[in-house]
Amino acid sequence: MKIKFKTILTYLVLVIVFLAIFTFLSVKNSKNCDKFVIDTYESASHIDIPKVTFSDCYYFETEQIRTGIYVLDTEITNLDTYIQKFNFKPTTFQQNGELWTNAYLMHKEASLPDETGDFFFSEGTNKKSEWQCLLDKNTGKMWFQIRWLEKS
């Protein structure tokens with residue numbers, strides 16, 4: 001009886017480990033807008049995306065860039081605390097340059113930053129991707145982009 005219990009327990013542990021690895025790799029390798037969009041941004045940047053009231057996603061396969069546009073729920077998220085916690089730096093949209101996909105998003109009539117925003121910026125790189133995040137403190141809008149360094 002002990003052997004049967006140990007065998008079942010071993011199989012159960014293996015299945016759980018397999019599912020955990022599969023989920024982790026799925027999040028890490030998710031590129032298009034079908035699944036794990038926010039999780040991929042959070043995994044690459046270590047920036048938590050809080051509850052949102054609006055989200056949109058665009059994937060540009062040739063450029064290997066995905067853009068997520070969000071409106072953060074400012075009723076439950078204090079943007080001053082959020083900006084400080086995740087080390088966003090003040091910027092003007094012009095000083096920082098355009099988002100990587102600004103021209104493409106314009107053709108899709110996506111919500112783009114306007115010049116009067118109170119902008120904060122963060123960016124980074126890891127072995128698989130580089131990312132950038134622009135947050136307008138006035139509106140709670142966030143543009144999060146990730147560009148994969150290796151072609152799939």
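Computed from a prediction, not measured in an experiment: that's the story for all the values here.
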D136 side chain near W143 side chain, heavy-atom distance below 4.5 Å: yes
Stepwise, does the side chain to side chain donor-acceptor pair (under 3.5 Å) test hold for T77 with K51? CA-CA 8 Å; T77 303; K51 184 174 178 159; over 6 Å; no
Transitive ILVMFWY cluster of V71 at side-chain heavy atoms under 4.5 Å: who else is in it? F54
For D80, the side chain to side chain contact (heavy atoms under 4.5 Å, CB included) test, sequence neighbours excluded, returns N78, K137
Would you please name every residue forming a ring-ring contact (aromatic ring centres under 6.0 Å, His included) with F119, sequence neighbours left out? F93
Linking I/L/V/M/F/W/Y whenever any side-chain heavy atoms sit under 4.5 Å apart, do F60 and M106 land together? yes
As a quick check of understanding, evaluate side chain to side chain contact (heavy atoms under 4.5 Å, CB included) for C133 and M142, giving each step before the final call. CA-CA 7 Å; C133 184; M142 174 184 278; 3.6 Å; yes
When rounded to the nearest 0.5 Å, the distance separating CG of L135 from CG of L79 is 6.0 Å
Report the relative orientation of the aromatic rings in F144 and W131; use parallel for angles under 30°, tilted for 30 to 60°, perpendicular for over 60°. tilted
Side-chain heavy atoms of N102 within contact of L112, under 4.5 Å: yes
Sorted by chain and number, sequence neighbours left out, side chain to side chain contact (heavy atoms under 4.5 Å, CB included) with K85 holds for none
Stepwise, does the side chain to side chain contact (heavy atoms under 4.5 Å, CB included) test hold for T74 with T53? CA-CA 9 Å; T74 56; T53 60; over 6 Å; no
Any side-chain heavy atom of T101 sitting closer than 4.5 Å to one from R66? no
Rounded at 0.5 Å granularity, tell me how far OG in S43 sits from NZ in K128. 9.5 Å
Applying side chain to side chain contact (heavy atoms under 4.5 Å, CB included) to K141 and Y70, what does each step give before you reach the verdict? CA-CA 6 Å; K141 283 187 181 175; Y70 305 101; over 6 Å; no
Pair Q64, Y59 - check side chain to side chain contact (heavy atoms under 4.5 Å, CB included), show working. CA-CA 8 Å; Q64 293 283 296; Y59 178 63; 3.3 Å; yes
Could you tell me whether the side chain of T125 reaches within less than 4.5 Å of the side chain of L149, counting heavy atoms only? yes
Is P50 close to D73 at the side-chain level, that is, under 4.5 Å between some pair of heavy atoms? no
How would you list, by chain and number, every residue that makes a side chain to side chain contact (heavy atoms under 4.5 Å, CB included) with E42, sequence neighbours excluded? I38, D39, D48, I49
Rounded to the nearest 0.5 Å, the CG atom of L105 sits from the OG1 atom of T67 at a distance of 5.0 Å
Partners of F120 by ring-ring contact (aromatic ring centres under 6.0 Å, His included), sequence neighbours excluded? none
Using modelled atom types only, decide if a donor and an acceptor are shared between the side chain of Y82 and the backbone of F88 within a distance under 3.5 Å. no
So, Q145 versus Y58: side-chain donor-acceptor pair below 3.5 Å or not? no
For I69 versus A110, what's the shortest heavy-atom pair and its separation? CD1-CB, 3.9 Å
Under 4.5 Å between any side-chain heavy atoms of S122 and Q132, yes or no? no
